[in-house]
Number of protein chains: 2
Amino acid sequence: MNVKYYRGNTKFLVSIDCIIFGFSEGELNLLLFRRKIEPAKGSWSLPGGFIKEHESAEEAASRVLHSLTGLKNLYMEQLKVFTEENRDPGERVMSIAYYALVNVADYDHDLVLENNAHWRNINDLPELIFDHHDMFQVALERLRHKASTEPVGFNLLPEKFTVPQLQSLYEAIYGQRVDKRNFRKKVRTMNFLEKLEEKDKSGSKRGAYLYTFNKELYEQAIHLGFSFTL
Amino acid sequence: MNVKYYRGNTKFLVSIDCIIFGFSEGELNLLLFRRKIEPAKGSWSLPGGFIKEHESAEEAASRVLHSLTGLKNLYMEQLKVFTEENRDPGERVMSIAYYALVNVADYDHDLVLENNAHWRNINDLPELIFDHHDMFQVALERLRHKASTEPVGFNLLPEKFTVPQLQSLYEAIYGQRVDKRNFRKKVRTMNFLEKLEEKDKSGSKRGAYLYTFNKELYEQAIHLGFSFTL
DNA sequence: TCAAAAGTGTTAAGTTTACACCCATGA
DNA sequence: TCATGGGTGTAAACTTAACACTTTTGA
């Protein structure tokens, strides 16, 4: 049955690799780990794994993300397949790159440690195996674009966050400072960002008001012609 | 050698499928063909083919594009891999979608005929096999975005083109009318579009001035901070 | 001579940028 | 009391959108 139609064509190993972004203390980080198998065993690598017989690529990526962070239903997007014949010196493998956004308050720290994984600032990455640095570059560009036009950045923040936190997230994503007053002006136009009574005093003595992202209100706003830009 | 490291993992058939855009007489068209193999033999399909043992996906896509149109070095971009287990009812195949832009003045008409391929208006597509319509949707969105921010549209036009032609191309891509005076104003700011002495009289009695896209000038402009939007 | 497409500018509305001071609080 | 980060508005520059008439020419 399995060779009924397409007999004679070459089959390939296909893996997925994950560019996992996390935001913490004003810095945008990547979750990297020490590769456990040859070739290049022990080198820094993006987390990844082979796609199994009955899995889609998305399922494989979700599985890898879950096994590393303990989290399910992470925000995740396919980026690109890398298919150069010699990209992996061990054997021919095509790899599908995904990027994912993690709220660092949520993940399972012990699991990450067990896996020999570490958060590394995107501006201070170690050398990565194969074409993994290219994958990261594609991911960062995509994240920059996506975060500027869709409310995906909130996946990197806790449920409740302050405006200064949100601003510093965007500064980390874009790699440049943004004007506080102009930023807040834009936030004020987003009435799907609900201001709470509560303040977060962790960042300052005065404390900053907490906000939440309301998905329903966001969808209403979009429906009424609102277009997200930050 | 070939099973040194990754032994035991499942291998997959991997194909590429091409969404080939062509622009002619104010309409944006797709090059489709009648599938020659089972399953779904005879149904409308995107052109595609399996990736061969020593090929990258790009090389496979170039090969398929060349065999169908006689053209090399077409503008081409990877879109997305489709990996759902049952996307192809014949057997499990992962397929990498590429879109390509063809100047319809250039391609080999006989070759297209031989291959049983036909240009079909994007607003009047027949039913396509498998997930090929999804692939088209992704391609159209990407083309819209890309054409609005980078000068890729010129790949759909002959070397020399008129402003009304360029405008009608953009109207076809976006699926909506644009204001003539505002459009020309923007074109005037693009000094990498060189106005020639010649006129094209095919579209009107009066004739419209021909222009060419000058890549060197474009790159200079970009270097000086110009940002393309149309 | 007239139908059909090419070509041309101005104004109002909206968006983006730049910029400086007061407030609240815990140490 | 003071150092630290939170919070606020306005004006100028620029960009976008809307809109109507004249020109050229072959049939």
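All figures in this text were calculated on a predicted structure; none of them were measured in a lab. Chain letters run A, B, ... following the sequence lines, proteins first, then strands; residues in each count from 1.
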Test side chain to side chain donor-acceptor pair (under 3.5 Å) applied to B/T69 - qualifying residues, sequence neighbours left out: none
Residues in side chain to side chain donor-acceptor pair (under 3.5 Å) contact with A/Y218, at least two apart in sequence or another chain: none
Atom pairs under 3.5 Å, N or O on each side, protein against nucleotides 13-15 of chain C: can you list them with distances?
none

Summary of salt bridge (charged side-chain N to carboxylate O under 4.0 Å, His left out) pairs that have at least one residue in residues 167-193 of chain B, sequence neighbours excluded: B/E171-B/R177
Sub-4.5 Å side-chain heavy-atom contact between B/Y98 and B/E58: yes
Pairwise side-chain contact, B/D200 with B/Q165, heavy-atom cut-off 4.5 Å (strictly under): yes
Test applied, side-chain contact (heavy atoms from CB on, under 4.5 Å); reference residue, B/L30; option that passes from B/I20, B/N121, B/I19, B/L140: B/I19
Sub-4.0 Å heavy-atom contacts from residues 159-182 of chain B onto DNA chain D, ordered by number: B/D179, B/R181, B/N182
Residues touching DNA chain D, which here means a heavy atom under 4.0 Å, drawn from residues 219-230 of chain A: none
When the distance from [atom1] of [X] to [atom2] of [N] is rounded to whole Å, what number comes out?
X: A/K186; N: D/dG9; atom1: NZ; atom2: C1'; answer: 17 Å
X: B/K185; N: D/dT16; atom1: NZ; atom2: C1'; answer: 8 Å
X: B/D200; N: C/dA5; atom1: CG; atom2: C1'; answer: 12 Å
X: B/R188; N: C/dT8; atom1: CZ; atom2: C1'; answer: 7 Å
X: A/K199; N: D/dG6; atom1: NZ; atom2: P; answer: 10 Å

Contacts of type ring-ring contact (aromatic ring centres under 6.0 Å, His included), residue B/H66, not counting sequence neighbours: none
Residues forming a ring-ring contact (aromatic ring centres under 6.0 Å, His included) with B/H133, sequence neighbours excluded: B/F136
Salt-bridge contact A/R63-A/E59 (side-chain N to carboxylate O under 4.0 Å): no
Review item, nucleotides 12-14 of chain D N/O atoms under 3.5 Å of protein N/O:
none

Qualifying residues under salt bridge (Lys or Arg N to Asp or Glu O under 4.0 Å), relative to B/K160, sequence neighbours excluded: B/E198
Helical stems, DNA chain C - three or more consecutive Watson-Crick or G-U wobble pairs below 3.5 Å: C:1-27 with D:1-27
Closest to side chain of A/K201, choosing from D/dG26, C/dG26, D/dA18: C/dG26
Near-strand residues of residues 204-213 of chain A, defined as heavy-atom separation under 4.0 angstrom from DNA chain C: A/K205, A/R206
